[in-house]
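Report on the structure given below.
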Amino acid sequence: MNNENFHPEQKVPPIAHALHKWYEETKTLAYEYNGIDIISFHIPGAEDLGFRHGSDGSMQSVQYFQQIYVEVEKPMKVAMTFNLSADTINMRPRRARANEAILGQCGNVLMEGINALYDISLDLLIDWNGVNWSWLSQEIEIQNGRAIIQVEVELSKRPMFINIRPLFYNKHLGYNYHKPWEFKPNSKAVAGWCSWEAYRRDIDIDKVKTVAKFMAENFKDYGMEYIQVDDGYQKMPLPANPKGTMAEGWMTCDEDKFPDGHQGIVKAIKNEGFTPAIWTNANITNPEFPINNPEDVLWHGDEAIKGEWIDYLYSCTPETLEKHVVPLFESFKEMGYEYIKIDAIRHLLFDGLHECVRLGLMNNEEAEQKFRAYMEATKKGLGDKVYYLASWGEMHEVVGLVDACRISMDANPTWAGVRMQLFESARWFHTQRILFVNDPDHVCVRTKLEWAKTVLSLISLSGGLYMLSDSLDAYTDEKVDVIKRTLPTLTTKTAETGPLSLEYPAYTWTKLHGFAVQSHETPVIAEDVSLEDAYYMAGNYEGVDAEHPFSSLWSFHLNKANRKWCVMTRVATLPLQKSEVAMKTLGLDETKTYLAFDFWKQCFIGEVQGAYEAGALDLGSCEVVAFYEKTADPQVIASDRHVSMDAVSIQSHEYHNKTLSLTLEGVIGAAQKYFVYVPDGNTVTGVSEHAKATTLENNLVCVEVAFKEKIMDVSITF
């Protein structure tokens, strides 16, 4: 096929239509966008082929929307091929609704019935409709640096129509700073411990040392990387010297709690093998600072403006930012911090700069420009290597600068706090690893065991920021075990998109149900909740009594180490009744037979086809079930190592010549169980050294591996 381009490829994808091309010699219809034939149909023997030409499909201009169609006189099955950037993903072109699973993905997966592709690099969404179709590709294949996906479609007189939306997040969803051709957030898995809900402002160097030692002994080998010191290290007010800079203020620690300053904090964390992380915010609290630095703050007449939760406001002029903000973040970087959490930025914008708009001191555009300039100054100081968390700031103005955004208010061990983490993880999932990594805030495992298990399971599987925040007495043996089984978090991306749902209430419980905590010194105490209050917190909205209210059903598709599987997660944000979960709801083929395994019960459920019979769940509990397509060969279908069953420890998985060969990565000294489904006609005849095989019921064999080394090769012969 002649792939001569009509137009050169542009670095910034154009807001323009895809142009049709017909290749007579190969009977191929193609549509070219940004210099590449991104869609092509091989249509041999077609008579009276009809298709939409170029810009005929343009329905909008700035939110550019093109619809093309293809039809033929005589029904036929043809191959449709997509040729997109290498980081293209399968994506549902809308958000989940009640009784539908929220979709996530790890690896180059293709999901049953999910009718769209999203090219992350181009910010391009394509979906197809109106015909029966099926995947010809087993997965998204990468060829010569391009993603190639094939679909079989049934063409007829009834038109197949394809929607093409360039700059989807940038223009259609309004994230105008999203420019993946310039910046992509760091998509690494992040896990650590944060001091805030453990000690509030009562943090000191001895606590940092003690916690770091405990975390190293228990969790470092399981994937924990960061120790993050939160509010309480700095000398107050800020800056303590009102004639100095804000950089000098934040670099001055409270000498009673941190006598060796930042050097002591960084050294204590690094000594235990962790990466140092620090909290800061956009606040100026010293009332003498405006007097000594009048050009660096905003004024209303003769009074320096103070915003709620933000105090005095940076003027955000280039001179002020170069004097106070850029050096501050450079200093954190130079001190050795490799993870920065910036707080109160939403208050700088919403309660500060927007207040100035209300006062008539600036217009909306100027407020946005000042805030964006502030965030750009912080990024300039940090550079590209420091992991950057905006807290809490799921605003479009931080997109393109930060790696992660906190998507909820301050979490705590009450049901109000836990439910918020679960629910907001669902509401904001369309942003996950497209705009930033979602941070549902730190997890307090001193809450009820089942609640802790649920929130940690969901964060781990959905790929959120995984930060613990308790004093050491909260880490009982049971909770240590749950943490180990949910570390590390996965690098999950969203597999669905669309605008943030406004059909459900957010934060109705914050002040209505005693959620707001006034003390800056005392961590929140864990407490139970009545079922009546739990329903009050959920609000009164359509679908609240559905079998699976929005936020309660998830489906994560994984493709790793020659294994493809799905992990269904049911999360009782409200009590869940017995129900049927259709395989097609999970993005699975309802005609195929799957092997199901329950992770937290560590039990084999058996074969499932068409639908899964789900049991009732009490408020705050969860169910995590893996589904593997049944094949003729023995295969690992679960482990007790990780809630993903198992995207963490299995590095390779191959069955050949009656031998199942595994390469496993584990923690030295630990013993892990791997559950192998053995089809009829096969019997285990041997297992390699350091492994023990036990035959269970229902064609299942448990292989227990004692990790003498971090990487081990294990073979099971049949």
Side-chain angles (χ1 to χ4, degrees), residues 192-215 226-272 274-290 292-293 306 309-312 314 324-325 327-345 347 378 381-382 386 389 391 410 442 467-472 517-524:
W193 177 89
C194 163
S195 67
W196 179 244
E197 259 304 320
Y199 300 108
R200 290 292 177 107
R201 300 196 79 254
D202 187 25
I203 184 67
D204 57 46
I205 191 61
D206 290 334
K207 290 186 175 74
V208 172
K209 290 179 179 178
T210 301
V211 167
K213 181 175 175 26
F214 176 86
M215 296 294 160
Y226 295 98
I227 299 294
Q228 184 242 304
V229 175
D230 214 281
D231 190 4
Y233 65 87
Q234 71 276 24
K235 187 172 183 178
M236 298 294 286
L238 280 166
N241 173 13
K243 296 182 179 181
T245 67
M246 289 301 296
E248 294 165 349
W250 281 100
M251 288 300 108
T252 304
C253 290
D254 184 328
E255 57 269 19
D256 293 333
K257 297 192 288 184
F258 296 94
D260 295 324
H262 285 286
Q263 293 91 341
I265 296 173
V266 170
K267 182 180 178 181
I269 293 170
K270 285 188 173 181
N271 281 349
E272 297 297 342
F274 288 111
T275 302
I278 197 73
W279 170 94
T280 188
N281 73 14
N283 217 346
I284 302 170
T285 64
N286 193 328
E288 296 181 25
F289 181 84
N292 290 278
N293 302 273
K306 291 182 71 175
W309 296 97
I310 188 65
D311 292 301
Y312 302 103
Y314 285 104
H324 294 285
V325 178
L328 166 59
F329 287 84
E330 284 178 339
S331 296
F332 280 132
K333 178 178 64 177
E334 291 165 0
M335 282 289 177
Y337 293 110
E338 298 180 38
Y339 173 123
I340 300 292
K341 171 184 175 182
I342 183 170
D343 209 346
I345 56 172
H347 301 296
T378 67
L382 290 179
V386 177
L389 165 64
S391 174
D410 289 17
H442 44 247
M467 298 294 284
L468 304 173
S469 191
D470 297 276
S471 57
L472 297 187
V517 178
Q518 302 304 316
S519 172
H520 286 282
E521 306 298 333
T522 306
V524 179

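Excluded from the calculations below are hydrogen atoms, water molecules and symmetry mates; all remaining heavy atoms, backbone and side chain alike, are included.
- With values rounded to the nearest 0.5 angstrom, Met236 atom CE is found 5.5 Å from Arg201 atom CZ.
- For residues 232-252, every residue pair satisfying the salt bridge (charged side-chain N to carboxylate O under 4.0 Å, His left out) rule, not counting sequence neighbours, is listed here: Lys235-Glu255.
- Judged by distance alone, with hydrogens and angles left aside, the side-chain atoms of Asn292 form no donor-acceptor pair with the main-chain N or O of Asn241 at under 3.5 Å.
- At most 12 non-hydrogen atoms from other residues, nucleotides or ligands lie less than 6.0 angstrom from NZ of Lys209.
- When every heavy atom of Pro242 is checked against every heavy atom of Asn293, the shortest pair comes out as O-ND2, 3.0 Å.
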Inset, instruction - Kindly determine whether Trp196 and His442 satisfy side chain to side chain contact (heavy atoms under 4.5 Å, CB included), including the steps that lead there. - result: CA-CA 9 Å; Trp196 179 244; His442 44 247; 3.7 Å; yes
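- Contact record, Ala268 with Val208: CB-CG1, 4.4 Å, taken as the closest heavy-atom pair.
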Inset, instruction - Could you walk me through whether Ile340 and Leu389 pass the side chain to side chain contact (heavy atoms under 4.5 Å, CB included) test, one step at a time? - result: CA-CA 6 Å; Ile340 300 292; Leu389 165 64; over 6 Å; no
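- Using a distance-only test at 3.5 Å, with no hydrogens or angles considered, a donor-acceptor pair links the side chain of Ser469 to the main chain of Ala198.
- Salt bridge Arg200/Asp230: absent, no basic N to carboxylate O contact under 4.0 Å.
- Judged by distance alone, with hydrogens and angles left aside, the side-chain atoms of Tyr314 form no donor-acceptor pair with the main-chain N or O of Val325 at under 3.5 Å.
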Inset, instruction - Quick one: do Leu472 and Val211 satisfy side chain to side chain contact (heavy atoms under 4.5 Å, CB included)? Show the steps, please. - result: CA-CA 7 Å; Leu472 297 187; Val211 167; 4.0 Å; yes
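- Atom NE2 of His347 sits about 11.0 Å away from atom CG of Asp311, to the nearest 0.5 Å.
- With rounding to the nearest 0.5 Å, the separation of CE in Met215 from OG1 in Thr210 is 11.0 Å.
- A donor-acceptor pair is defined here as one N or O able to donate and one able to accept, closer than 3.5 Å; such a pair exists between the side chain of Gln234 and the backbone of Gly232.
- Closest approach of Pro239 and Asn286 over heavy atoms only: O-ND2, 2.7 Å.
- Taking the ring centroids of His324 and Phe329, they lie at or beyond the 6.0 Å cut-off.
- Across Ile203 and Asp231, no two heavy atoms sit closer than the pair CG2-O, 3.9 Å.
- Between the CG atom in Leu382 and the OG atom in Ser331 there is a gap of 10.5 Å [rounded to 0.5 Å].
- To the nearest 0.5 Å, the span separating OG1 on Thr252 from CZ on Phe258 amounts to 14.0 Å.
- Within the cation-pi definition used here (under 6.0 Å to the ring centroid, within 45° of the axis), Lys207 qualifies as a partner of Tyr199.
- With His262 contributing its side chain and Trp250 its backbone, the two residues share a donor-acceptor pair below 3.5 Å.
- Listed for the Glu197 side chain is a donor-acceptor partner under 3.5 Å among the backbone atoms of Val524.
- With hydrogens and angles disregarded, no donor-acceptor distance shorter than 3.5 Å links the side chain of Asn283 to the backbone of Thr285.
- Contacts of Tyr226 classified as ring-ring contact (aromatic ring centres under 6.0 Å, His included), with partners at least two apart in sequence or in another chain: Tyr339.
- Within the 4.5 Å cutoff, side-chain heavy atoms of Thr280 are placed close to those of Tyr233.
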Legend entry - Working for side chain to side chain contact (heavy atoms under 4.5 Å, CB included), residues Ile265 and Val229: CA-CA 8 Å; Ile265 296 173; Val229 175; 3.8 Å; yes
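- Interatomic distance, Ile269 CD1 to Phe274 CZ, rounded to the nearest 0.5 Å: 9.5 Å.
- Using a 4.5 Å heavy-atom threshold, the side chains of Ile205 and Pro259 count as touching.
- By the ring-ring contact (aromatic ring centres under 6.0 Å, His included) test, Trp193 is found to be paired with no residue, residues two or more places apart in sequence or in another chain being considered.
- The two residues Lys341 and Cys194 have their closest heavy-atom pair at NZ-SG, 4.3 Å.
- Proximity of Asp343 to Trp279: side-chain heavy atoms (C-beta onward) are separated by under 4.5 Å at one or more points.
- Closest heavy-atom contact between Ala282 and Ala344: N-CB, 4.3 Å.
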